[in-house]
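In what follows, a structure is listed as C-alpha cells, so that the remarks can point back to it.
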There are 2 protein chains.
Amino acid sequence: MNRYKAPTIVQLAKLLGVAPSTVSRAFTDPGKLLPETVDRVRRKASEIGYVPNNHARALITGRSSIVGLIVPDIANPFFPPILRQAQRTAEEQGLSLILADSDGDPERELQLVGRMTPQVEGLVLAASRLPEKSLVTIAERLPTVLVNRDVEGIPRVLVSADEALDLAVATFVRDGHRSLAYVGGPPESWSNAQRASRVERSAREHGLPMARLEAPGGTYSEGFDVARAVTSAGATAVIAFDDVIAHGLISGFQAAGLSVPHDVSVLGCDDTLSTTTYPPLSSISLDLRGAGRLAVETLRASAGPSAAAPARFELEGKLVLRGSTGRAPER
Amino acid sequence: MNRYKAPTIVQLAKLLGVAPSTVSRAFTDPGKLLPETVDRVRRKASEIGYVPNNHARALITGRSSIVGLIVPDIANPFFPPILRQAQRTAEEQGLSLILADSDGDPERELQLVGRMTPQVEGLVLAASRLPEKSLVTIAERLPTVLVNRDVEGIPRVLVSADEALDLAVATFVRDGHRSLAYVGGPPESWSNAQRASRVERSAREHGLPMARLEAPGGTYSEGFDVARAVTSAGATAVIAFDDVIAHGLISGFQAAGLSVPHDVSVLGCDDTLSTTTYPPLSSISLDLRGAGRLAVETLRASAGPSAAAPARFELEGKLVLRGSTGRAPER
DNA sequence: TCTTGGCATGCACACGTTTGCATGCCAGCA
DNA sequence: TGCTGGCATGCAAACGTGTGCATGCCAAGA
C-alpha cells in the first residue's frame, strides 16, 4: 500500500529533455559529457530524489557493489575487529558487506559461497576451513581474498605470530624455564598448525623440551581442563593457541592452587582479552583491523584487470608481556 | 580474463528442453508445475550449479532479498548471538544480510540507514541510538524492526531483564543484604534506562537503599575503577548493566583485597561471559538468539501486505546464580 | 568551400528474471 | 462425438540500467 516507486533514469531524462544514456553517463562517466550538462542532470536528480537502481546496474555490469565475508564464528572475539574494519573500508569504497557465519563447518562454508556467488562482486574468506582445491576453484570464478589462510595463487593477508612466538620462547628460556607446553586449538585452523610448528621449531632450537596438548574446541572450559595436563607434563611455561584457551588455563591453574605467574607462566595469542583477566594476560597482539582493511583493499585491487601476481601480505604481531608471565619458579 | 559466467535460466531451460519460465516457476511457484517437472529442473540445476541471479530477480520484483542490520558495536559480546541467528534465519528465508556498525554514533547510524535504504528490503536496527522521530520516519518508508528499543508503532522485539531483576533484588534482600548499588552503562542505551529504573523501583519496594553509579563506556576498566565507589557507598551487593562491567567490578574488588562473593555480591546481565570469570559470574541470561530469529521473522511478516498492528515481543530473561553472589557478610 | 576529425549526445540492444496471457492437451459430461 | 474446463507449459513483454555504435555539430586546416 505504501508502495513508493522510485524515480527512474528515463523519467529524469524526459524531465530534462535528454536521452536516458546521458543521465546514465552523468553518473558513471561524467568525463564524456559537457560539465554543464552533468551539473544540470545531477541537480535535477537530487531535486526529485533520483538514486541509481543498484540491481539494474548490477545486472548489466556484473558488478554488484557487494562483497561477501565469511567467518567461522562471529562470536569468537578474533573476528569482530576484522569484520568491523572490513565493513568500514568497504563503505569507504562504496561497497556493502554481506556477512555469513559458517559455524566452522566446511560443507556449510561451501554452501554459503555458492549462495553468495551470484550476487557478490568478490569474496573475503576469513580463516577458511575449506580444502585448498575448493579454494582454488572458488578463486577462479570470483575475485577472492583469504585471511589467515596461505594458498599459493590466491591473494591473501595473514596475521602472523611467528616472530613474536620466537621472541616469547627466547624470553622464557632467558627467564629460566626448562620445560614448555603448547596447547593447540581447532585442528582445522591454519593458524593453529602455523603456530604449533613455529613454537615447536623455536623450542627445538633452544633445546627446550615441549609438550604438545590440545583444546580442539578452542573453549575456555577446555583450557581449564587441560591445565592439569600441563602441570603433570612438568612444564613451567605454557603457550596457548589463543587468549580464550589461555584464560581457561589461568583459571585452571588457580583452581589447582597454583599461582600465575609465580608457579607457571601463561602466554595467550591474539590479544583479544587484554587486561580482562587476572593477572592481566600476556599475549601476542595482532593487527586485526589492519587485516580487515587490507583484505577488502586487496579485493578491490584484484577485481580490476590487473594481471599482477596475487599479493601475499603478512602482518607480524608483537609480543605484549603483562602479568601472566615471569621467571621460572625456583626449585 | 578469469571472468566466469554463471549458468543462466535459459541455458538450464535449453538443456532440459523446456521454457525458461518453467525453470523459473520450479523455484518460485512450484505448485503450478508437475511435481515431476519440478524435480527434474531442480536436479539438473544443482547438477550444473545454477543459482538464481538475485539482481535480475530484484529488478523485476522490486524485492532485493537483502535485509540490513545495524548494531552499535559488533565487538560487544551482546550482539554476535543476535547477529548470528538473524543471519541464519535470513538464510533460511532466502535472504542475505548486510551488516554495519554504527560505532554507537547516532549520526553515523542515520547515514548508514540512508546508504542501505535503496538496496535493502527491510531493516533491523539493534539497540538503536536514534531519536524516536527519526525511527518513525525510517519505518514509514521501509519495513523496519527494532531490537531492544521500544517505540510505539514500530514492530519491535525486546529482550527484557525486568522480572529477573526483581527476582535478583528479592534474593539479595532474603540473603541479608541491606544496601545495593547499580552500575549503569551507556546512557544512550534504552536497555540501560530500562534496567536502572527497574532495579530502582524494585529496591524501593523492598525498602533497600540503592546507590546509582556509572560506567558510561561500558568497559571492563570502567567497571574496575568504579568498584572503589561501590564499597565507599557501603553496598554489599551490586548489579551491573552488563557482564563486561560486572567482570571489571569483580577484578576491582579483588585488587582492593575484597573477596567475591564473601564480602560483596556481584550480578551481571546478558550472560555473555558465563563461566569465564572467577568466581563464575551470576548473571541474567537473555534469549539473544531468539531475538535475532524473531527480528527477521517479524520483518518478513511485516513486509507483507498485512495491515495488522505492529507487533511487540518481549523475551524475558532468567536469573542464573553462580558463584559471584551469596549471603551478605556478617558484620 | 570541402574535408577531416573530435566531441557531445542519441539509439537500441543486452543483462537474467518474473508473470499475465495464450496455447494445447486431456478428462468428463451431455 | 462435441463441448467445456482445468491444468501444465510456452511466449513475450517488461524491470532500469550501461555501453558500443551511429549521428550531427562545429572548428581547424588545406
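Chain letters run A, B, ... following the sequence lines, proteins first and then strands; every chain starts at 1.
Closest approach to the Leu34(B) side chain among dT9(D), dG18(D), dT17(C) is made by dT9(D) (side chain taken as heavy atoms from C-beta onward). Comparing atom distances between the Ser24(B) side chain and each of dG16(D), dT17(C), dT18(C) picks out dT18(C) as nearest. When the nucleotides dG10(D), dT9(C), dT19(D) are ranked by their closest atom to the side chain of Thr61(A), dT19(D) comes out on top. Here the nucleotide nearest the side chain of Leu33(A), chosen from dG16(D), dT9(C), dA8(D), is dT9(C). Checking dT17(C), dG10(D), dC15(D) against the side-chain heavy atoms of Leu59(B) singles out dC15(D) as nearest. In the set dG10(C), dT9(D), dT17(C), dG10(C) carries the atom at the smallest distance from any side-chain atom of Ala19(A).
Using a 4.0 Å heavy-atom criterion, one finds that Tyr50(B) contacts the sugar-phosphate atoms exclusively. When heavy atoms are screened at a 4.0 angstrom cut-off, Val23(A) is found touching no nucleic acid atom at all.
Between Ile9(A) atom CD1 and dC13(C) atom C1' there is a gap of 15 Å when expressed in whole angstrom units. One atom, CG of Asn54(B), and another, C1' of dC15(D), lie 15 Å apart when rounded to the nearest Å. When the P atom of dT9(C) is taken as reference, atom CZ of Phe27(A) falls 15 Å away, rounded to whole Å. Separating the NZ atom of Lys14(A) from the C1' atom of dG16(D) is a distance of 13 Å, rounded to the nearest angstrom. With rounding to whole Å, Lys32(A) atom NZ is found 11 Å from dC21(D) atom C1'. Between His55(A) atom NE2 and dT18(C) atom P there is a gap of 14 Å when expressed in whole angstrom units. Look at CG on Asp29(A): it is 12 Å from P on dT9(C), rounded to the nearest Å. Between Leu12(B) atom CG and dG10(D) atom P the separation is 12 Å, expressed in whole Å.
In terms of position along DNA chain D, the nucleotide closest to Pro20(B) lies nearer the 5' end than the nucleotide closest to the other residue of the pair Ile60(B) and Pro20(B).
Between the side chain of Arg25(A) and the base of dG10(C), a donor-acceptor pair under 3.5 Å is found.
Annotation: side chain of Leu99(B) is not in contact with side chain of Leu69(A) (no heavy-atom distance under 4.5 Å). Trp190(A) is listed as a side-chain neighbour of Leu158(A), based on a closest heavy-atom distance under 4.5 Å.
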Checklist line | Pair Ser128(A)-Glu109(A), side-chain hydrogen bond (donor to acceptor under 3.5 Å, both in side chains): steps then yes or no | finding: CA-CA 8 Å; Ser128(A) 173; Glu109(A) 188 178 349; 2.7 Å; yes
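With respect to the salt-bridge test (charged N to carboxylate O, under 4.0 angstrom), the residues Arg43(B) and Glu47(B) do not qualify.
Side-chain contact check for Gln87(B) and Glu91(B): at least one donor-acceptor pair (N or O, by modelled atom type) lies under 3.5 Å.
A sub-4.0 Å separation between OP1 or OP2 of dT18(C) and a side-chain N or O of Ser21(B) is absent. Distances shorter than 4.0 Å separate some side-chain N or O of Thr37(A) from OP1 or OP2 on dT9(C).
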